[in-house]
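One structure is given here, and the rest of the page talks about it.
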Amino acid sequence: MSDDSMTYAPPLPSIETLQVFVRVAELASFTQAAQSLGLPKASASTAVQRLEASLGTRLFHRTTRRVQLTQDGQACYERCKDLLADLDDMQTLFQPAASGLRGRLRVDMPMRVAHDVVMPRLPEFLAAHPALELELSSTDRRVDLVREGFDCVLRVGPLSDSTLVARPLGAMEMVNLASVEYLARHGEPRTLEDLATHRLVQYATTLGQRCPGFEWRDAAGVTHFLPMSGTLTVSDSGAYTAACLAGLGIIQVPRHGLEREVLDGRLRELLPDFLAAPMPVHLLYPHRRQLPRRVHVFMQWLAELLSPRLLPLSSATPDVSTS
């Protein structure tokens, strides 16, 4: 057979090329994808062009303002995610569990959970897996798990509709708190009517949002909101706690996390018969046929770490009423 009669087959794309393509698809930006991978922008663009040439199809619609997957690009993206996940998992498939986890793991969780629960126990987890590279984001902002490249996130509070997989862990019991200095100035409220002369530190994930007020759940499981005055609105849990400690008003938070401040007398629990509904806690992760072992092991460790602090998820109710 002559060379002229042979059909040319382009080389198979490298794993690195597939990784670049997936990041561009997730971030809808060559620039952001290159930055997240530590590559020059030109390298990301060239990698995608080579992949398109290899597959014989256009994967992205490109304009000066946006990058969007084509129909073929979307199909390629789904296959590439599964392929990379399988390759990633295969690297540790034949390693004994005692050899520890390898690779990069990127997770996100609320600030108080990271600081008060995870950080004190994290040294022992990392000591058991010295080859694991952990990137831990602790923010009250709801990150975009797919676009920002997270392997899993811990969410406290109601979930919005999502294509992500949600693993329920339980619910956090709530408590009403105020500083002893605040109570010395304003007195301790013992009924809902007493709250008319008190201040509530307002919490909003986005400043400018209207806060519904003091939240409480009745014996039938229905949640009510009592409008209250307040001179301060904050958008993160650290500032929320600091405002309470500074005597700026009443806050409503999960019971676990501020035990030290209650035990040492700086904060005092209020109105135990009028508590907000427990906040549901979930682990979210992308829909994949098989999670990499490092993601599965970390999520299991985190679930066991949080378990003693959580109520059954059924104790959180979606029934809401406004007062």
Side-chain angles (χ1 to χ4, degrees), residues 27 32 106-119 135-150 152-162 164 166 171-179 181-182 186 195 198-217 223-262 266-267 269-271 275-284 306 309 316 318 320 322-323:
L27 298 175
Q32 293 180 32
R106 178 179 289 183
V107 301
D108 177 79
M109 61 187 63
M111 188 182 305
R112 295 297 302 194
V113 175
H115 292 188
D116 300 331
V117 181
V118 174
M119 287 302 180
E135 296 181 3
L136 197 158
S137 165
S138 57
T139 173
D140 293 330
R141 175 181 67 88
R142 294 219 162 183
V143 301
D144 188 317
L145 186 147
V146 174
R147 285 181 55 84
E148 298 182 52
F150 286 96
C152 65
V153 301
L154 183 76
R155 289 273 169 84
V156 178
L159 295 179
S160 57
D161 292 337
S162 173
L164 301 173
M172 289 187 171
E173 184 181 13
M174 303 295 287
V175 65
N176 309 313
L177 298 174
S179 72
E181 291 81 6
Y182 172 87
H186 299 277
L195 292 176
H198 284 266
R199 293 180 177 179
L200 185 72
V201 179
Q202 311 281 359
Y203 183 92
T205 54
T206 301
L207 293 180
Q209 291 180 340
R210 182 175 178 272
C211 300
F214 182 87
E215 179 182 345
W216 61 283
R217 187 174 65 164
T223 292
H224 304 262
F225 292 95
L226 179 67
M228 283 184 63
S229 62
T231 57
L232 176 66
T233 300
V234 299
S235 60
D236 74 76
S237 57
Y240 193 52
T241 301
C244 184
L245 289 167
L248 293 171
I250 298 169
I251 63 172
Q252 298 183 282
V253 293
R255 178 178 297 278
H256 293 290
L258 292 176
E259 295 101 327
R260 291 192 304 271
E261 289 82 353
V262 173
R266 286 184 290 167
L267 298 180
E269 296 186 20
L270 310 172
L271 299 168
L275 301 179
M279 298 183 72
V281 180
H282 293 84
L283 274 168
L284 303 182
L306 291 172
R309 302 166 179 265
V320 176
T322 55
S323 300

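Residue indices begin at 1 and follow the sequence shown. Values below: all heavy atoms of this structure, side chains included; hydrogens, waters and symmetry mates excluded.
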Looking at Arg309, I'd like to know if its CZ atom is crowded, meaning that more than 12 non-hydrogen atoms belonging to other residues, nucleotides or ligands lie closer than 6.0 Å.
yes

Which residues pass the side-chain contact (heavy atoms from CB on, under 4.5 Å) test with Val143, sequence neighbours left out?
Asp108, Thr139, Arg141, Glu148, Phe150, Val153, Arg155

For Ser237, what residues pass the side-chain hydrogen bond (donor to acceptor under 3.5 Å, both in side chains) criterion, not counting sequence neighbours?
Asp140

Distance in Å, Arg106 CZ paired with Leu136 CG, rounded so as to fall on 0.5 Å steps
11.5 Å

Name all residues meeting the side-chain hydrogen bond (donor to acceptor under 3.5 Å, both in side chains) criterion together with Gln252; count only those two or more places apart in sequence or in a different chain, and write none if there are none.
Asn176

side-chain hydrogen bond (donor to acceptor under 3.5 Å, both in side chains) involving Arg266 - partner list, sequence neighbours excluded
Asp264

According to ring-ring contact (aromatic ring centres under 6.0 Å, His included), who are the partners of His198, at least two apart in sequence or on a separate chain?
Tyr182

Just jot down the side-chain contact (heavy atoms from CB on, under 4.5 Å) partners of Ala242, sequence neighbours excluded, or say none.
none

Those residues at least two apart in sequence (or on a different chain) that pass side-chain contact (heavy atoms from CB on, under 4.5 Å) with His282 are Leu159, Ala166, Pro168, Pro280, Leu284, Leu313

According to side-chain hydrogen bond (donor to acceptor under 3.5 Å, both in side chains), who are the partners of Glu269, at least two apart in sequence or on a separate chain?
Arg255

With Leu177, which of Val201, Ile251, Leu245, Ile250 fulfils side-chain contact (heavy atoms from CB on, under 4.5 Å)?
Ile251

Salt bridge (charged side-chain N to carboxylate O under 4.0 Å, His left out) partners of residues 231-241, not counting sequence neighbours, each pair once
none

Carefully, step by step, assess Val262 and Val175 under the rule side chain to side chain contact (heavy atoms under 4.5 Å, CB included).
CA-CA 11 Å; Val262 173; Val175 65; over 6 Å; no

If a pair satisfies side-chain hydrogen bond (donor to acceptor under 3.5 Å, both in side chains) and one of its residues is in residues 238-249, list it, with sequence neighbours excluded.
none

